[in-house]
Amino acid sequence: AAPAQKPEEVIKKYMEEVPVVPDEDCIICMERLSCPSGYEVPAECSQSLQPNTVGKLTKCGHTFHMLCMLAMYNNGTKDGSLQCPSCKMIYGEKTGTQPKGKMEIYSIPQSLPGHPDCGTIQIIYNIPPGIQGPEHPNPGQPYTCRGFPRFCFLPDNDKGRKVLELLKVAWTRRLIFTVGTSSTTGEPDTVIWNEIHHKTEMMSNVSGHGYPDPNYLDNVLSELASQGVTEDCLKQ
Ligand code: NAD
Ligand code: ZN
Ligand code: ZN
């Protein structure tokens, strides 16, 4: 994990104070930017962040009360990354709350429906039950793991292999699963898929998470991108 940075430093790394406050709303607190943020200055925060300090994100240029951004950051996983609440641009490296487990990759000679010209990549995720950490909804309580190991399938072609490499990055950044309430079963405190869809059926499509699906690889690439996992991550 990255060395812990003070929340205030993370905000200042990715936002610069604007001297002239634009005539717009802050979409975090819904107040005018010219009015003070409703959030209080945290005790550990220096005097340079005040309720009326307005900042601009360095790349996308969207503006917010800097205290509102600080409150949003403190509400999240505090991993040193920021996401613009307006355009979703990610600053730094977004990480998730996926519990400990294993990701294994195998090759299957058989083809997937819709991909007759190549074999198949099989991913097996296995996560054992455990105790929730401070980053989870109910710290100290156990979490369950249903339907593990979970088997997933990709076509073994150029695009499928690229998706695989990006899924490995997402796994390392703890973005594939999270702990929460399953929307399928309603069970709370359980390990669930996060925002990156996987195909869990190889030759059937009973759940709707199977093949054929001509848009799947493009869809999962854009889901990965919205978590900050792009081809650029593979060049480093
Ligand atoms: P969930 O129901 O909270 O849904 C989260 C996301 O996962 C949603 O985007 C949903 O569309 C997607 N999703 C739902 N069912 C899926 C499936 N079968 N395959 C791939 N994606 C799916 O997430 P959850 O509780 O983690 O999973 C849904 C259910 O599917 C659970 O009951 C789980 O046990 C079961 N499941 C079982 C296996 C298995 O091998 N037995 C594999 C995968 C999922
Ligand atoms: Zn605000
Ligand atoms: Zn933005």
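Values below: all heavy atoms of this structure, side chains included; hydrogens, waters and symmetry mates excluded. The structure presented is a predicted model; accordingly, all values stated were derived computationally and were not measured. Note that ligands are numbered from 1 as they come in the structure, with each ligand's atoms numbered from 1 the same way.
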Please determine whether side chain to side chain contact (heavy atoms under 4.5 Å, CB included) holds for the pair Leu234 and Leu166, giving the CA-CA distance in whole Å, both sets of side-chain angles, and the decisive distance to 0.1 Å. CA-CA 8 Å; Leu234 304 176; Leu166 295 175; 3.8 Å; yes
Can you check whether Phe177 and Tyr143 have ring centres sitting under 6.0 Å from each other? no
Could you tell me the residue and atom name of the protein heavy atom closest to atom 28 (C) of ligand 1, and the distance to it rounded to 0.1 Å? Thr184 OG1, 3.2 Å
Verify salt bridge (Lys or Arg N to Asp or Glu O under 4.0 Å) between Lys12 and Glu9, making sure each step is shown before the conclusion. CA-CA 5 Å; Lys12 287 181 176 167; Glu9 285 164 11; over 6 Å; no
Pair Glu104, Lys102 - check salt bridge (Lys or Arg N to Asp or Glu O under 4.0 Å), show working. CA-CA 6 Å; Glu104 291 177 329; Lys102 258 195 334 201; 3.7 Å; yes
Taking non-hydrogen atoms only, is Thr185 closer than 4.0 angstrom to ligand 1 via side chain, backbone, both or neither? side chain
Return the closest protein heavy atom for atom 13 (N) of ligand 1 as residue, atom name and distance. His209 NE2, 3.3 Å
With the Zn ion (ligand 2) at the centre, find the angle made by ND1 from His65 and SG from Cys68, to 10°. 110°
Between Glu165 and the options Lys168, Arg161, Lys162, the salt bridge (Lys or Arg N to Asp or Glu O under 4.0 Å) test singles out Lys168
Using a strict 4.0 Å threshold on nitrogen-to-oxygen distance, state whether Asp79 and Lys94 make a salt bridge. no
Given the Zn ion (ligand 3) as the apex, I'd like the angle to SG of Cys87 and SG of Cys60, rounded to 10 degrees. 110°
Looking at side-chain heavy atoms only, is the closest gap between Tyr106 and Thr120 below 4.5 Å? no
Angle class for the His209/His197 ring planes (parallel below 30°, perpendicular above 60°, tilted otherwise)? parallel
In ligand 1, which numbered atoms sit nearer than 4.0 Å to a non-hydrogen atom of Arg146? 34 (O)
Could you tell me which N, O or S atom of His62 is nearest to the Zn ion (ligand 3)? ND1
Geometry at the Zn ion (ligand 2) - Cys29 SG versus Cys26 SG angle, rounded to 10 degrees: 110°
Output yes when a protein non-hydrogen atom is found under 4.0 Å of atom 30 (O) of ligand 1, and no otherwise. no
Which heavy atom of the protein is the closest neighbour of atom 7 (O) of ligand 1, given with residue, atom name and distance? Trp193 CD1, 3.2 Å
Within the 4.0 Å heavy-atom cut-off, what His197 brings close to ligand 1 is side chain
Under-4.0 Å heavy-atom contact between protein and atom 43 (C) of ligand 1: yes
Using a plain distance cutoff, I'd like to know if Asn194 has any nitrogen or oxygen under 3.5 Å from a nitrogen or oxygen of ligand 1. no
Starting from atom 1 (P) of ligand 1, find the nearest protein heavy-atom neighbour and note its residue, name and distance. Ser183 OG, 3.3 Å
Taking only heavy atoms of Thr200, which atoms of ligand 1 are found under 4.0 Å from at least one of them? 17 (C), 18 (N), 19 (N), 20 (C), 43 (C)
Going by heavy-atom distance to atom 24 (P) of ligand 1, choose the closest among Arg150, His198, Glu187. Arg150
Assess whether salt bridge (Lys or Arg N to Asp or Glu O under 4.0 Å) is satisfied between Lys78 and Glu135, documenting all intermediate values. CA-CA 9 Å; Lys78 292 190 249 191; Glu135 71 276 37; over 6 Å; no
Check the pair Asp117, Asn157 against side chain to side chain contact (heavy atoms under 4.5 Å, CB included), reporting the backbone distance first and the verdict last. CA-CA 8 Å; Asp117 303 332; Asn157 55 24; over 6 Å; no
Closest approach of any protein heavy atom to atom 39 (C) of ligand 1, naming residue and atom: Gly147 O, 3.4 Å
Among protein heavy atoms, which sits nearest to atom 25 (O) of ligand 1, and what does the distance come to when rounded to 0.1 Å? Ser182 OG, 2.6 Å
Mark yes or no: Lys59 above the aromatic ring of Tyr91, with NZ or CZ under 6.0 Å from the six-membered ring centre and no more than 45 degrees from the axis. yes
